[in-house]
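The block underneath contains the structure these notes are about, expressed in structure tokens.
Source: prediction; values computed, not measured.
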Amino acid sequence: MAESLHDFMKVGIIHFMAFPQCGGGDGPIAETFRTLALDPFFDVIEVTQVKDPAARKQVRAIAEQARVDIPFGAQPILLGGKLDLNSPDVAARQKAIDAIKAAIDEAAELESDALAVLSGPVTEDRGAAMGRLVDSLKQLCAYGKPKGIRIVLETFDQVPYGKNCLIGPTEDAVKVSEAVREEYPDFGLLLDLSHLPLLAESSKHAIKAAGKHLVHVHIGNCAMDDASHPAYGDNHPRFGAPGTRNDVPELVQFLMVLLDSGFLRRDERRIVSFEVKPMAGEDAEAVVAGSKRTLIEAWRRLEQEGHLAAILAAAMTV
């Protein structure tokens, strides 16, 4: 009997990446959110800031009616404002913390239960910078906890043509998570398949290194072999676009390791969200549809090649 992928994961999509005109908090947010919410394939739609209070209420109402969860992604706020949670400048770091506290307030209004951030840029004082990041994250966890919002840290690349973030390698992310979890055990890490080639990390390495700290996953693609590519760097082109790194085989491997590690399992469906962005001239809804077909095909291959059955059989013997 075929195993439904929806029995093992909550399938999500990042709204502000699928419709990048909404990433700054303006634009046709409610209309495009509704487009995704009407699709029963998605259990989760990740959102970012919605500047218009009326549009914010619409998004919340649509999410409730459609029965979708809406985690909050604060990455555009940090990146767009050039804000740095590990800045050595006290005032600059406080500005970043204050911006995310405001985002937590908005996330609470939307009834989100989690908010994702990223670290600031790589600095020469890496050890001290990690300490500053831990302090910032603890402050944000303390602010979010009474509002029912946990904080999640996403790992990013360390290449000059990407985001070049302090976190960074999965091992460093785990060190940060261990320090934060001493006080806030619900804190966790977010891994993105799109970022692994840029970090020169395999799925097996990253997921194994993240271990119990992994709480959220994104799946997508990147271009890093040709500087003239329209999606060069960390720009999340559609799966299988010419000149890019991830397609069905890479997604099969990623899912296989997630299953083998126990991250994906029937008794606790965790979030696996598409992070795909249409390139110039591409149709956003077509890119979303292609992403869904990519995941369906990857899951079919896991079953067809016996990987899923083997993993489930091994789990039953533990």
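Taking the six-membered ring where tryptophan is involved, the planes of F19 and H15 are tilted, since the angle between them lies from 30° to 60°. Using bins of under 30°, 30° to 60° and over 60° for the plane-to-plane angle, the ring pair Y161/Y232 lands in the parallel bin.
Salt-bridge formation is detected for the pair E106/R56: a Lys NZ or Arg NE/NH1/NH2 atom is positioned less than 4.0 Å from an Asp or Glu carboxylate oxygen. For the pair K51 and D26, the salt-bridge criterion is met [side-chain N within less than 4.0 Å of a carboxylate O]. Salt bridge annotation for R300-E297: present, with a cationic side-chain nitrogen under 4.0 angstrom from a carboxylate oxygen.
By the 6.0 Å and 45° rule, K163 does not stack over the aromatic ring of F156.
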Using the side-chain contact (heavy atoms from CB on, under 4.5 Å) rule, take E3 and E303 through it: C-alpha gap first, then chi angles, then the decisive distance, then the call.
-> CA-CA 8 Å; E3 301 280 354; E303 289 201 307; 3.3 Å; yes
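Residue-environment remark: CZ (R126) exceeds the threshold of 12 foreign heavy atoms within 6.0 Å.
Counting heavy atoms from C-beta outward, M17 and H218 have side chains that stay 4.5 Å or more apart. The side-chain heavy atoms of I207 and F254, taken from C-beta on, include a pair separated by under 4.5 Å.
Annotation for A298 and L255: closest pair CB-CD1, 4.0 Å, computed over non-hydrogen atoms.
For the pair S87 (side chain) and D84 (backbone), a donor-acceptor distance under 3.5 Å is absent.
For F8, the ring pair (Phe, Tyr, Trp, His ring centres under 6.0 Å) criterion is met by W299, not counting sequence neighbours.
Of the inter-residue distances, the one linking H236 atom NE2 with L193 atom CG reads 10.5 Å to the nearest 0.5 angstrom.
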